[in-house]
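What follows is a set of notes on a single structure, which appears directly below.
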Amino acid sequence: MNFDLFTDPDAAPTGLPPGGGGDPLVTGLNPEQAHAVTTTDGPLLVLAGAGSGKTRVITHRIAYLVERLGVPPWQILAVTFSNKAAGEMRHRIEELHGEGASDLWLGTFHRIGVRLLRSFGKHAGLASSFGIYDRDDSKKMIKRAMAALNISDKQLRPRTVATYMDQAKNSLLLPGDPALPQTDAVEKRCAQIYQRYEDEMRRADAVDFGDLLMRPVQVLREVPTLREHWAARFRYVLVDEFQDTNLAQFELLKLLTSVHGNLCVVGDDDQSIYSWRGAEVRNILDFPVTFPGATVVKLERNYRSTDVILAASGALVRQNRTRHDKTLWTEVTGGEKIAVHATDTDSDEADWIARRIEALRGEVPLNEIAIFYRTNAQSRVLEEAMGRFRLPYVLIGGLRFYERAEIKDLLAYCRLLVNRDDTASWLRVVNTPRRGIGKTSVQRVEQAAASWQVSVPEAARRMVQGEDRFRGKDKLLAFVELIARLRTRVDGMRADEAGALVLKECGLREALLEEGSLESQTRLENLGELLSAMGEHAAGAPDPTLVGYLEQVALVADVDKLDRGHEVVSMMTMHAAKGLEYDVTFVAGLEEGLVPHGNAAAEGNTEEERRLLYVAMTRARKRMHLSYARLRRRFGQEELQTPSPFLTALPDELLERTGPVRRRGWGGVARVGSSSFGGAHARGGGGGRGGGRGAGHGAAWPSAPARVPRDDGTVVERHVTREREDVPVIQRESAGPFQAGGFARHKSFGKGEVIDVAGHGKLARVTVRFPRVGVKKVLARFLQPAG
DNA sequence: GTGTCCCAATTTTTT
DNA sequence: ATTGGGACAC
């Protein structure tokens, strides 16, 4: 592999005339990029292919506005897709501009929405302390609304309602709007629940993600003075990833540019992958129609990838019917072929990936390697393989830190302190930890809230103040007073101090300490981590209080935390990969039903799935690996898979196909330790094919792997790869230090008998019977082998 | 009011 | 395969 062949994507492109007469902000850009940077006034559409330097264009444009045209930064609004992208952009602007860009409004649509609502939310019926509800909170409120309307969550799934409301809000439809879809019984009921939900949210002084876009639009439409004020303020508006904006976002942009009309949007219709979130590709396709006289600039030169990667991904996306025709080109030639590897099982696939990464070690820094997949559930096997090979990795998405129960508990206390009407948080913590306020008491409070038409916390306050006597009043009173007391003490405190105080006073820590189990110990550690995260935030944020921190938590996605500074492999979904680039990438699970995903295909979204794979493929600079397995575990069941039909679009001469090979003379259908393949092979597609590799086009399965026992008891696997070396298969459970029937020692539980072992290595879960505490499942890393 | 057991959903993607 | 929520018993 010769990596020196390729140009640094951030270096100035070579062989092009300088675009702007010696201006350092423009020289080094190609003519199209320079045109996009210097065309500052009026509507501008930049159609920027993958890797064509669009971030460069946006950052240079902002610097150009500030330095050459003397535009004060506070008159510029730049919208990005993720907070991470915003952070990177701010950093790059600072590099260009030399000084802080703190006055610049730069952030995601949702963050801009929060900022606007903090300023004029009262026009939408919100106090400035309003809370932001995530999916979980929102779902809880939906359930409550459904319960109030006597709709069982069995006849209508809350998730369906959530999707309905999401779409409504993305399309700027308020409850009661005649344009709301109400064609069938389900939709009618959803519309009804929507109304009720909004009432409840208003009482709780809370907004959901959809509200962060819809409410500002609503206010700006209804209050002309505000609209004029804000539109006059923003003289220049820039938007990245415009192909993934929805109606509400576009409307917000139109309102904010209604005075100056200087709207610059950058995007690529081939990378539109969020239609399920309401994204309208039409926004970008019709831009010249919506804004007659708009300047259109096309960036088709790719600075990121090799010719091979570009040709393969281009061949794929060209199969889509609805797209602007464009062809990316590069001066880079001689790129390596794309590795396409087939395996028998998903864990074999994961092993292959880990082994490849192991082989690349030293040659490529680990933080220049990424693994992409379609669904978060796929990360599990990959993680296990990375663990077996002791490869450090960072997982983006999946099980999030902030979704752990104890974290949500403490945050719920904090949110309740900031927003005294926060119904969802109140319900979460009222009996956490147990303080004797059970179902009946809570129901009584909820009923009171409904009849008084106030938030649940407010109802509780009134009830304990009133003269009425009822069972459990003392306990409820104690809780109400606890919250009131904490609220006054926390006022004005730094987020971490406040968090520590709450943890100490609310009883969570006591309860966990008392429990004394391994699990409670881990939970306490997690809470400690939360406090230090709060401290970090308080140290660097403009608003170091709880309000600022809670806003951060609500709006920051997992990908935002990706830190490329450390030498670790990145693992994420293809969606999360948008906007990132790596020297070497792996795309795993290229199987029908996964890529394209079965649900998406059923909804007729095959083209978007193709774009998604296109996005994943165009992340690679130098070398790409595609892989698929014949057998994959889903819901704990092994299922037969067929290679992704998308693979057939890739020209064979750009690929190098490998797969496990049958070893001659190894008992017919060679396999070790797996009996699951019996009839699978024939049905898999490559049935009659003999040994050798799965050559040919598209969906061909290679034969079973050759796994050969060696004298030392390990097993080697023989692959037809270029290395041609025997690689040890990693130890199975039985070879680990813990075996059923053996003994293990735990720090606090003492010595116990091992009953069962599941998983491998440090991730293994060992079931142990301890003499005093009984049977526990414990992670292997907490155990020592014991005689 | 609390604890335990069983079953259902989960795994399409996320600000 | 795992998890959370609801039904039921105490």
Side-chain angles (χ1 to χ4, degrees), chain A residues 79-86 107-114 132-136 138-140 143 147 152-154 157-159 162-163 166 169-170 207-213 241 244-246 248-249 272-279 372-381 396-400 403-405 408 431 433-443 471-472 475 551 553-560 572-578 589 593-603 605 608-609 611-613 615-616 632-639 758-759 765 777:
Chain A
V79 190
T80 58
F81 192 76
S82 67
N83 291 294
K84 175 171 176 59
T108 62
F109 274 106
H110 292 85
R111 192 171 288 282
I112 307 289
V114 173
I132 302 166
Y133 277 11
D134 64 16
R135 250 183 92 76
D136 221 47
S138 174
K139 204 169 144 192
K140 236 173 238 157
K143 279 190 175 173
S152 136
D153 59 4
K154 298 224 165 87
R157 295 222 312 265
R159 209 179 125 177
T163 310
D166 236 29
K169 292 186 179 192
N170 288 336
V207 296
D208 57 28
F209 284 129
D211 288 328
L212 291 178
L213 307 173
E241 307 281 8
D244 281 323
T245 52
N246 62 37
Q249 291 165 331
S272 167
I273 55 176
Y274 281 95
S275 72
W276 49 274
R277 225 168 70 183
F372 306 132
Y373 38 83
R374 180 63 180 83
T375 68
N376 283 309
Q378 288 168 257
S379 70
R380 178 54 87 51
V381 254
I396 305 298
L399 296 168
R400 292 176 196 193
E403 281 170 13
R404 292 174 198 184
K408 296 198 91 167
N431 202 29
R434 306 237 174 285
R435 48 172 71 92
I437 306 177
K439 220 170 12 187
T440 322
S441 301
V442 171
Q443 256 169 21
R471 241 174 70 186
K475 289 168 178 167
E551 187 176 309
V553 169
L555 294 181
V556 167
D558 230 41
V559 70
D560 300 334
M572 69 193 84
T573 64
M574 299 187 199
H575 280 90
K578 187 166 86 157
L594 226 38
V595 183
H597 194 277
N599 296 359
E603 289 165 23
N605 279 341
E608 179 152 312
E609 294 289 302
R611 288 194 292 271
L612 186 55
L613 180 56
V615 167
R632 184 171 295 278
R633 275 189 175 279
R634 256 192 112 203
F635 296 117
Q637 286 249 308
E638 285 184 332
E639 282 181 13
R765 277 168 293 279
K777 263 194 181 183

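Below, chains carry the letters A, B, ... as their sequence lines are ordered, and counting in each starts from 1. These values consider heavy atoms only, across backbone and side chains, with no hydrogens, waters or symmetry-generated copies.
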> Where do A:Thr108 and A:Ser82 come nearest, in terms of heavy atoms and distance?
Replying inline: CG2-C, 3.5 Å
>> Nearest to the side chain of A:Arg157, heavy atoms from C-beta on, is which of C:dG5, B:dT10, B:dT11?
In response: B:dT10
> Tell me: CD1 of A:Ile132 to C1' of B:dT15, nearest whole Å?
Replying inline: 11 Å
>> Any base atoms under 4.0 Å from A:Arg159, or only sugar-phosphate, or nothing? Heavy atoms, all strands.
In response: base
> Can you check the A:Gln378 CD to B:dT10 C1' distance for me, whole Å?
Replying inline: 15 Å
> Hey, which of these two, A:Thr375 or A:Lys139, hits DNA chain B nearer its 5' end, going by closest nucleotide?
Replying inline: A:Lys139
>> From the set B:dT14, B:dT12, B:dT11, return the single nucleotide nearest to any side-chain atom of A:Asn599.
In response: B:dT12
>> Both A:Ala405 and A:Phe635 contact DNA chain C. Which one's nearest nucleotide lies toward the 5' end?
In response: A:Phe635
Using a cutoff of under 3.5 Å, can you pull out all pairs of nitrogen or oxygen atoms linking the protein to nucleotides 1-6 of chain B, with atom names and distances?
residue, atom, partner, partner atom, Å
B:dG1, OP1, A:Gly438, N, 3.4
B:dG1, OP1, A:Ser441, OG, 2.5
B:dG1, OP2, A:Thr440, N, 3.4
B:dG1, OP2, A:Thr440, OG1, 3.1
B:dT2, OP1, A:Gly436, N, 3.3
B:dT2, OP2, A:Asn431, ND2, 3.3
B:dG3, OP2, A:Arg434, NE, 3.1

> Do you know the tightest heavy-atom contact between A:Ile273 and A:Arg611?
Replying inline: CG2-C, 4.1 Å
>> If stacking means aromatic ring centre less than 5.5 angstrom from the base's six-membered ring centre, planes under 30°, is A:Phe209 stacked on B:dT14?
In response: no
>> On the nucleotide B:dT12, are OP1 or OP2 found under 4.0 Å from the side-chain N or O atoms that A:His597 carries?
In response: yes
>> Please report the distance, rounded to the nearest Å, between CD in A:Gln637 and C1' in C:dA1.
In response: 10 Å
> How many Å lie between CD1 on A:Ile273 and C1' on B:dT15, as a whole number?
Replying inline: 13 Å
>> Categorize A:Phe109 for me: base, sugar-phosphate, or nothing, with a 4.0 angstrom heavy-atom threshold over every strand shown.
In response: nothing
> Is A:His110 stacked on the base of B:dT15, meaning ring centres closer than 5.5 Å and planes within 30 degrees of each other?
Replying inline: no
> Taking only residues two or more places apart in sequence, or in another chain, which ones meet A:His110 in a ring pair (Phe, Tyr, Trp, His ring centres under 6.0 Å)?
Replying inline: A:Phe209
>> Output the rounded distance in Å from CD (A:Glu639) to P (C:dA1).
In response: 13 Å
> Quick one: side-chain contact (heavy atoms from CB on, under 4.5 Å) partners of A:Asp136, sequence neighbours excluded?
Replying inline: A:Asp134, A:Lys408
>> Please pick, from B:dT14, B:dT12, C:dG6, the nucleotide with the shortest atom-to-atom distance to any side-chain atom of A:Arg277.
In response: B:dT14
> Are any of A:Asn376's side-chain N or O atoms less than 4.0 Å away from OP1 or OP2 of B:dT13?
Replying inline: yes
> Once you round it to whole Å, what is the distance between C1' of B:dT12 and CZ of A:Phe372?
Replying inline: 17 Å
>> Can you measure A:Glu603 atom CD to B:dT13 atom P for me and round it to whole angstrom units?
In response: 13 Å
